[in-house]
Amino acid sequence: MKIKNICCIGAGYVGGPTMAVIAKQCPNIKVTVVDINEARIAAWNDDNLDNLPVFEPGLDAIVKEARGRNLFFSTEVDKAIDEAEMIFISVNTPTKTYGKGKGMAADLKYIELCARQIARVSKQDKIIVEKSTLPVRTASAIKDILDNTGNDVAFQILSNPEFLAEGTAVEDLLSPDRVLIGGDTTPEGTKAIEALAAVYAHWVPQERILRTNVWSSELSKLTANAFLAQRVSSINAMSEICEKTGADVNEVSKAIGMDSRIGAKFLKSSVGFGGSCFQKDILNLVYIAKSYGLNEVADYWEQVILMNEHQKQRFSDNIVSTLYNTVSGKKIAFLGWAFKKDTNDTRESAAIKVADNLLNEQAEITVFDPKVVEERIYADLDYLNTRSSEENRSLLKVENNPYETCKSAHAIAVLTEWDEFKTYDWKQIFDNMQKPAFVFDGRGILDKEVLEDIGFVYYKIGTGQ
Ligand SMILES: NC(=O)c1ccc[n+]([C@@H]2O[C@H](COP(=O)([O-])OP(=O)(O)OC[C@H]3O[C@@H](n4cnc5c(N)ncnc54)[C@H](O)[C@@H]3O)[C@@H](O)[C@H]2O)c1
């Protein structure tokens, strides 16, 4: 089957960039990205590309090239489903906040709603592609819903998890390490797999397109995220030992990373991992393991999250104890709120937890992030429900200038590794701060020697004093 019309349900951090790249690379395929969130679709259609709802380096140029040619953003979900031969489901799958599995299992209500909508609207055979990250065996639930519509439409369900990293999404999508497609081993299943493989073959070499059964594909995505997060927690665990022993975690990372069995990537110690996926996917893995009675497996992976929580907690504890055991009424300037550089995504960002801890200690916080808007920052804090939104707004201020942010501060906390932070006039920042002037570098991006020469008391994660 040759695909001419693709529909993607969900115009978020995955659906938007993924479909933009497919549209760019396959000009003969019409790609329609739909969402129930009207404001999000309007932002994707905004003439001013600075207003796209997802910031990713290089994404604006791709949207500019393909939008209106073969890339469309719309709220007409039924119409797009009806027209497409292939439908990607790219909706959110957050951790459940209610009922059985609360705080652990993935909430699949949005997935189920999509499946029911597809079942209701479809009049011709379709290939359904799970792009969202899903618990292993979700495809069978989707299939069940689709196969019981009674309208004689045949569906093939494929799993095609997305491995892009926010901040480098465009690069990752244009030259992926691999594309994974899981499907049924029946002749129809194989045909569906090959139809999707042919879409990717427009730009991805064949040897990088992996075909597996559905369950392996679903589980591989959870496994990949668990392994990546585990590396961060492992090096963060070492960072605490480094601080006690006088070792330097960056030197340790380099030394072990040169071992080809270990590899150099994902060995950067920090205030903790964030993002919408790592924690959610590991919790989901833990839940799956527990539901099969695999308690040792569940405990093993849960520790990755506990270590991450500990890292955030000890970062804020260190600020309090270094500032003479009280930050009450003291101004702490945050550089960065996004969970990593080159994205405006703040989901599960370490900055949120660190801010919450310091606000509990009655600190006054000012925040500057080059890409995160004020409403997002307040929404993140309000979501925690620790204090009223009025209190959050009175204790934490958002600035749009880094120098104003740091003015009169007792300490600066670097929470995101934005490159521009390295280029600031740190002497000017120092001159306008309270003394002693402290910098707590949660990303290890600033130059210790330069800052100490200026006069700062500088704390870098993973480095003993
Ligand atoms: N963000 C990442 O880096 C990343 C990477 C790989 C995989 N994933 C996975 O991809 C999936 C999507 O993640 P995201 O970050 O793009 O989420 P997101 O919240 O940014 O986007 C999801 C979108 O789906 C829309 N939506 C929900 N239900 C809908 C429905 N019934 N009809 C139409 N639209 C609907 C929402 O309005 C929202 O705009 C998740 O399963 C996530 O785990 C995310």
Side-chain angles (χ1 to χ4, degrees), residues 7-21 32-44 52-56 59 73-81 84 87-96 105-121 128-136 138 142 145 159-173 176-180 217-218 220-226 228-229 273-285 338-340 342-349 376 379:
C7 158
C8 173
I9 308 179
Y13 282 85
V14 167
T18 312
M19 292 303 127
V21 167
T32 308
V33 192
V34 291
D35 205 295
I36 41 176
N37 181 335
E38 288 178 13
R40 213 163 207 190
I41 290 298
W44 279 113
L52 294 182
V54 171
F55 170 74
E56 282 290 340
L59 181 61
F73 295 94
S74 164
T75 50
E76 292 183 90
V77 184
D78 283 3
K79 181 165 178 273
I81 291 174
I87 300 169
F88 286 75
I89 302 181
S90 192
V91 300
N92 35 330
T93 49
T95 305
K96 261 186 105 175
D107 190 343
L108 299 180
K109 74 174 170 216
Y110 306 106
I111 296 285
E112 183 170 338
L113 281 172
C114 286
R116 289 189 186 279
Q117 191 163 6
I118 294 168
R120 176 171 56 75
V121 172
I128 311 302
V129 184
E130 299 175 348
K131 189 47 112 178
S132 297
T133 303
L134 295 170
V136 56
T138 305
I142 296 180
I145 292 168
S159 160
N160 173 223
E162 185 48 60
F163 295 102
L164 69 80
E166 287 180 31
T168 53
V170 169
E171 219 178 300
D172 297 342
L173 288 164
D177 288 344
R178 76 325 205 168
V179 165
L180 180 57
S217 174
E218 288 178 336
S220 295
K221 175 62 190 174
L222 294 183
T223 310
N225 274 354
L228 290 170
F273 61 73
S276 65
C277 294
F278 282 178
Q279 175 164 314
K280 148 178 101 63
D281 293 347
I282 294 181
L283 285 170
N284 185 4
L285 193 63
F339 85 92
K340 67 192 287 200
D342 292 337
T343 177
N344 59 347
D345 195 350
T346 65
R347 290 175 289 182
E348 303 295 342
S349 176
R376 182 70 260 153

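Note: hydrogens, waters and symmetry copies are ignored here, and every other heavy atom, side chains too, is used. All residue numbers refer to positions in the sequence shown, counting from 1. Atoms within a ligand are numbered from 1 in the order they appear, just like the ligands themselves.
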Counting only nitrogen or oxygen atoms and a 3.5 angstrom limit, does T93 reach ligand 1? yes
So OG of S90 and OH of Y110: to nearest 0.5 Å the spacing works out to 14.5 Å
Atom 6 (C) of ligand 1 has as its nearest protein heavy atom E162 O, 3.1 Å
Does only the side chain of R347 get under 4.0 Å from ligand 1, or the backbone, or both, or neither? Count heavy atoms. side chain
Does the N or O separation between E166 and ligand 1 drop below 3.5 Å for any pair? yes
Given Y13, which of N344, T18, T343 fulfils the side chain to side chain donor-acceptor pair (under 3.5 Å) condition? N344
For T32, which residues count as a side chain to side chain donor-acceptor pair (under 3.5 Å) partner, sequence neighbours excluded? none
Sub-4.0 Å atoms of ligand 1 with respect to non-hydrogen atoms of I9: 32 (N), 33 (C), 34 (N)
When rounded to the nearest 0.5 Å, the distance separating CD1 of I118 from CD1 of I145 is 10.0 Å
Is I282 close to N225 at the side-chain level, that is, under 4.5 Å between some pair of heavy atoms? no
Where ligand 1 meets S276 - atom numbers and elements under 4.0 angstrom, heavy-atom basis: 1 (N)
Looking only at protein heavy atoms, which one is nearest to atom 42 (C) of ligand 1, and what is the separation? K280 NZ, 3.8 Å
Under 3.5 Å, N or O to N or O, is R40 touching ligand 1 that way? yes
Output the list of atoms in ligand 1 that are nearer than 4.0 Å to some heavy atom of Y13, sorted by atom number. 1 (N), 14 (P), 15 (O), 16 (O), 20 (O)
Fit a plane to each ring of F278 and F273, take the angle between them on a 0 to 90° scale, and name the class: parallel (under 30°), tilted (30 to 60°) or perpendicular (over 60°). perpendicular
Nearest option to atom 22 (C) of ligand 1, as decided by whichever heavy atom of N92, I36, N225, T18 sits closest: N92
Assess V77 for proximity to ligand 1: is some non-hydrogen atom of it under 4.0 Å away? no
Taken to the nearest 0.5 Å, the spacing of D345 CG from F339 CZ works out to 5.5 Å
Give the atom numbers and elements of ligand 1 that come within less than 4.0 Å of a heavy atom of C277. 2 (C), 4 (C), 5 (C), 8 (N), 43 (O), 44 (C)
Shortest reach to atom 8 (N) of ligand 1 by a heavy atom, considering only V91, V14, V54: V14
Supply the atom-to-atom distance Q117 CD to I87 CD1, rounded to the nearest 0.5 angstrom. 9.5 Å
If you count the atoms of ligand 1 from 1 in the order shown, which ones are under 4.0 Å from a heavy atom of S90? 12 (C), 22 (C)
In this structure, OG1 of T168 is separated from CG of L173 (nearest 0.5 Å) by 9.0 Å
Provide, to 0.1 Å, the distance between atom 31 (N) of ligand 1 and the closest protein heavy atom, together with that atom's residue and name. C114 SG, 3.8 Å
Closest non-hydrogen contact found for K221 with D281 is CE-OD2, 4.5 Å
Out of T133, D35, I111, L108, whose heavy atom sits nearest atom 23 (C) of ligand 1? D35
